[in-house]
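To start, the structure under review is shown below, and the notes come after it.
Naming: A, B, ... by sequence-line order, numbering from 1 per chain. When reading the values below, keep in mind they use all heavy atoms of this one structure, side chains included, and skip hydrogens, waters and symmetry mates.
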Protein chains: 2
Amino acid sequence: MAEQEPEGRAAARPLLTDLYQATMALGYWRAGRAQDLAEFELFFRHCPFGGAFALAAGLRDCVRFLRTFHLRDADVQFLASVLPPDTDPAFFEHLRAIDCSGVTVRALPEGSLAFPGVPLLQVSGPLLVVQLLETPLLCLVSYASLIATNAARLRLIAGPKKRLLEMGLRRAQGPDGGLTASTYSYLGGFDCSSNVLAGQLRGVPVAGTLAHSFVTSFSGTEVPPDPMLAPAAGQGPRVDLATLVEAWLERVCAHLGLGVQEPHPGERAAFVAYALAFPRAFQGLLDTYSVRRSGLPNFLAVALALGELGYRAVGVRLDSGDLLQQAQEIRGLFRTTAAQFQAPWLQSVPIAVSNNIDEEELARLAQEGSEVDVVGIGTSVVTCPRQPSLGCVYKLVSVGGQPRMKLTEDPEKQTLPGSKAAFRLLGPDGTLLLDVLQLAEEPPPRAGQELRVWPRGAREPCTVQPAQVEQLLQLWVQQGQLCEPLPSLAESRAFAQLGLSRLGPDHRRLEQPAPYQVALSEKLQALLHRLSAGAPQ
Amino acid sequence: MAEQEPEGRAAARPLLTDLYQATMALGYWRAGRAQDLAEFELFFRHCPFGGAFALAAGLRDCVRFLRTFHLRDADVQFLASVLPPDTDPAFFEHLRAIDCSGVTVRALPEGSLAFPGVPLLQVSGPLLVVQLLETPLLCLVSYASLIATNAARLRLIAGPKKRLLEMGLRRAQGPDGGLTASTYSYLGGFDCSSNVLAGQLRGVPVAGTLAHSFVTSFSGTEVPPDPMLAPAAGQGPRVDLATLVEAWLERVCAHLGLGVQEPHPGERAAFVAYALAFPRAFQGLLDTYSVRRSGLPNFLAVALALGELGYRAVGVRLDSGDLLQQAQEIRGLFRTTAAQFQAPWLQSVPIAVSNNIDEEELARLAQEGSEVDVVGIGTSVVTCPRQPSLGCVYKLVSVGGQPRMKLTEDPEKQTLPGSKAAFRLLGPDGTLLLDVLQLAEEPPPRAGQELRVWPRGAREPCTVQPAQVEQLLQLWVQQGQLCEPLPSLAESRAFAQLGLSRLGPDHRRLEQPAPYQVALSEKLQALLHRLSAGAPQ
């Protein structure tokens, strides 16, 4: 089912780019350099959210984009309308003919741990084409990686057992922002999303309950066309659920010390309607009127009536107030009610919570002894308010086999020249030691062999002896052809969790972590030194 | 050209919704209430960014979405796969048949000033259908309105004369986030966008310069296939531009007191290549190596060589360092160089700046005497880091003609019941006094007549005597039919600026503004009081 509808991503197409890519394309073409072989690297300079890691994501979208990259007549005509009127028509003929058949992409697999300066993507091919790819690739990778990282942080906070539901579609930057958010928060460690389209197009598990409008739409005077429900086992006569619920309400109110008039009849009618539609998946949203005086007794009456027919309610949701405290109280009332009415299944009905939950609130909800089972997070996973942009860049590192770098007077913005390889060095217990960037032509580091490298920012080299060495950048697209199938989203999700488990706790810590080292080989360091010293040439 | 390619928005479709909309749809259907006439209001509770206003935007996208709303077979099949397997097949037949032919929409025109609690959209129609619309409408309105508001703030800071370029596509939440950002930052007051697709699909003016990769791709040893350029007037022999530039470089370096070897030859080759492609639109990106020792002299040499041929350079861009200070220095050097070489046009070459510009930095760049002409803003306009979500909600206000409200124990989350009309009251000088919400059946306020209203949150009513009264909510879609053409994006942009000019300076102020009052009619206040007191019923 996943991936069957590529038009869902129609907005990612060649003109989804900054105009300067097109003006530069004309400049390259006019200079006779359109076909020069160039290599760009896509990377970030700082880990997001003050953490020490990021997750790489978005490769699948990039590959899909590259494979269909082609300027249609209407696209070329539009470019002609915004470029100088005396532009040589042969340039537009050139644009009509380009595609990614000359483009090669190496990349970190989806869900890999990524660190500053290590390329997420290496893109090589004809200069004009790989320049045009800059903006769309940045757009497809930056946010995907940001939200995957954000989701991974939330998963680390929640621990492995809490169920995390992404529900931020309405807070996203338009339709595709929502689809991207749902897809990559799942990759980063969420369990499911409310976004149906993410289920249909990407295979993300979807989940949902009910909203307050469903509850407020009932006044209690409505007459259901068919209030009858058969027992779960299918045997025995059908029962009028509404009537059965009223009988249970009296017992529940007596148990809770409430007047039978207190629970809102409209809310109860809504719960009965939902139960008739979902007898095997009944859930209650408790806070439309008053949790303790209305939502909870109404839920219990319906759940116990269903229970009498052999059905088990699957959850309650709270969307306001002190979520942790209410969850504790509700669990307590579930237990006493379960005991009172010999309904042991009621004790463990999952409690879901939502309402602007951020990292701090999630930590509170995930504390030892918390009775919260499911946490729905919208705004703070989708918008990444602590840092709403990853700030990836796409920099030229070589042309015609010659290394290139941006020097600038801002050392922060200097780039690392040359076509590179990247390796991850691991200790004997499998934990990550550091990542090494080196020139592509250098032999790879070898397990068990001592290596002298220059940690970035350090004034001295250091030596390291890895027990294992992993090559980081895999060849995915060669001359426009996909070299091997991309892993599924679920596989990438598992890969991300595996990576995180191998990261030392000092680096995995979310607040003030120890930075994970990225080092340069001696040859790369020497090239950097030579090109920096030589400027301006 | 604009709007010709609706597939650019293909991601906004019926399944772009939260699963609970579908589960509630089944609940309504099972309860025999699918066709009940319901009305929802879409509004926000707090103005974003600590300001006192927002701009309403996204209506055009909503109308487009509603007009094509239809569940395809594959959509219904997917829903069937995630709803209970024993769901009555007649429900899915119902889903296959629905569309928005029964839906009516009133809304603030695009670009209107919007305030807390005043509906941006009123949506009425069959309960099941208008419930399903919740998530997509929120998704289409919330971010569009947020970014339009953000852009309007940046425009207020910049003043009317600075040219504002949106260039945040690479920092957006995927392709459509970028398209939405470019479209609605233009509506909010930006002049143009770097996003080519926004130009093609939405008619947003596009602009762009060149990137550092273009500069670093040249080493200076390249031989252009055709370095010859004809004079601008078209008469006279073609000239070797590269040679002419070298001659100018000597004169420029002598004037600036630089050695002729200092400016980077690759950067100069890049500028020459760009000038050959864009003789009438030459721009220089100055900070790839060193602004003063390389970028500036190289730019001046090319600009003066072009000037000799009758062409005028159109700009320079700075992307690092102290942008204001560099702009002042560059303007000074433009002036002395213009005088030195009798090239007065050089004095006023526009200076563009970019590099993580936020509200504070923009205020600095826009100060009296600043020589900055163009400001490119990416991350901070697109991601709205001060508040990355507007938090719009979509709440049921009536069913079957009966008012509905969510009471809850959190007063913040209470809703205003009933089908309403909204009016803006103006003083004799045309400035805005306050907005009034009243029940739909009440007669509208009349100019010159005193009115008693309840400002929200106040314990006492107040009286107001408007000189003018404007109806806020216009009928756009009636029973699925568009009632009048939507204004163009440029018209909405002008409308937004007009609205802001009528807002009192106390409310327009960006930091700690006076809140703009929204008041309830006495009848609406009484209904609210009655329903609040009556709960739980």
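B:Arg171 places no side-chain N or O within 3.5 Å of a backbone atom of B:Gly378 that could act as its donor or acceptor partner. Judged by distance alone, the side chain of B:Gln387 and the main-chain N or O of B:Cys384 form no donor-acceptor pair under 3.5 Å. Distance alone, capped at 3.5 Å, is enough to place a donor-acceptor pair between the A:Gln173 side chain and the B:Gln173 backbone. The backbone N or O of B:Thr209 sits less than 3.5 Å from a side-chain atom of A:Thr23, completing a donor-acceptor pair. For A:Arg30 (side chain) and B:Asp226 (main-chain N/O), a donor-acceptor pair under 3.5 Å exists by modelled atom type. Listed for the B:Tyr289 side chain is no donor-acceptor partner under 3.5 Å among the backbone atoms of B:Gly266.
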Please step through side-chain contact (heavy atoms from CB on, under 4.5 Å) for the pair B:Leu210 and B:Arg317, ending with a clear verdict. CA-CA 9 Å; B:Leu210 63 164; B:Arg317 179 162 76 100; over 6 Å; no
Worked verdict on B:Phe218 versus B:Phe271 for ring-ring contact (aromatic ring centres under 6.0 Å, His included): CA-CA 9 Å; B:Phe218 287 83; B:Phe271 288 179; 9.8 Å; no
Determine, stepwise, if the pair A:Asp75 / A:Phe78 fulfils side-chain contact (heavy atoms from CB on, under 4.5 Å). CA-CA 5 Å; A:Asp75 298 337; A:Phe78 183 76; 5.9 Å; no
B:Phe65 and B:Asp61: CA distance, side-chain angles, deciding distance, side-chain contact (heavy atoms from CB on, under 4.5 Å) verdict: CA-CA 6 Å; B:Phe65 171 71; B:Asp61 296 328; over 6 Å; no
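Contact of the A:Gln131 side chain with the B:Ser213 side chain is registered, since non-hydrogen atoms from C-beta on lie closer than 4.5 Å.
Contact annotation for B:Leu79: only side-chain heavy atoms (C-beta onward) come within less than 4.5 Å of a heavy atom of chain A. Neither the backbone nor the side chain of B:Gln402 comes within less than 4.5 Å of any heavy atom of chain A. Neither the backbone nor the side chain of B:Tyr394 comes within contact range of chain A; no heavy atom of the residue lies under 4.5 Å from a heavy atom of that chain. Only the side chain of B:Leu83 comes within contact range of chain A, judged by heavy atoms closer than 4.5 Å. In this structure, chain A has heavy atoms under 4.5 Å from both the backbone and the side chain of B:Val382. Looking at B:Leu127, the atoms closer than 4.5 Å to chain A (heavy atoms on both sides) all sit in the side chain, from C-beta outward. Interface remark: B:Asp36 contributes no atoms to any contact with chain A (heavy atom separation under 4.5 Å).
For chain A, the option among B:Val397, B:Leu276, B:Thr135, B:Asn356 with the highest count of heavy-atom pairs below 4.5 Å is B:Leu276. Among the candidates A:Ala270, A:Gly391, A:Ala281, A:Gly168, the residue making the largest number of heavy-atom pairs closer than 4.5 Å to chain B is A:Gly391. Ranked by heavy-atom pairs shorter than 4.5 Å toward chain B, the options A:Arg386, A:Gln283, A:Gln21, A:Glu134 are led by A:Glu134. For the set B:Pro224, B:Ala172, B:Ser142, the entry with the most heavy-atom pairs within less than 4.5 Å of chain A is B:Ala172. Options A:Gly321, A:Pro388, A:Ala269, A:Gly177 differ in how many heavy-atom pairs under 4.5 Å they form with chain B, and the most are formed by A:Pro388. Chain B forms more heavy-atom pairs under 4.5 Å with one residue of A:Thr379, A:Asn195, A:Leu138, A:Asp18 than with any other, namely A:Asp18. For the set B:Gly220, B:Ala144, B:Gly208, the entry with the most heavy-atom pairs within less than 4.5 Å of chain A is B:Gly208. When A:Ser194, A:Pro225, A:Ala277, A:Gly400 are compared by the number of non-hydrogen pairs under 4.5 Å with chain B, A:Ser194 comes out ahead. Between chain A and the residues B:Tyr28, B:Tyr274, B:Phe40, B:Phe91, the largest count of heavy-atom pairs under 4.5 Å involves B:Tyr28. Highest contact tally toward chain A, considering only B:Met167, B:Glu222, B:Arg280, is held by B:Glu222 [criterion: heavy-atom pairs under 4.5 Å]. Chain B forms the most heavy-atom pairs under 4.5 Å with one residue out of A:Val206, A:Val399, A:Thr216, and that residue is A:Thr216. Comparing B:Leu390, B:Thr415, B:Asp319 by how many heavy-atom pairs each has under 4.5 Å with chain A, the most go to B:Asp319.
Each of A:Glu267, A:His264, A:Glu262 was checked for a side-chain hydrogen bond (donor to acceptor under 3.5 Å, both in side chains) with A:Ser294, and the lone residue meeting it is A:Glu267.
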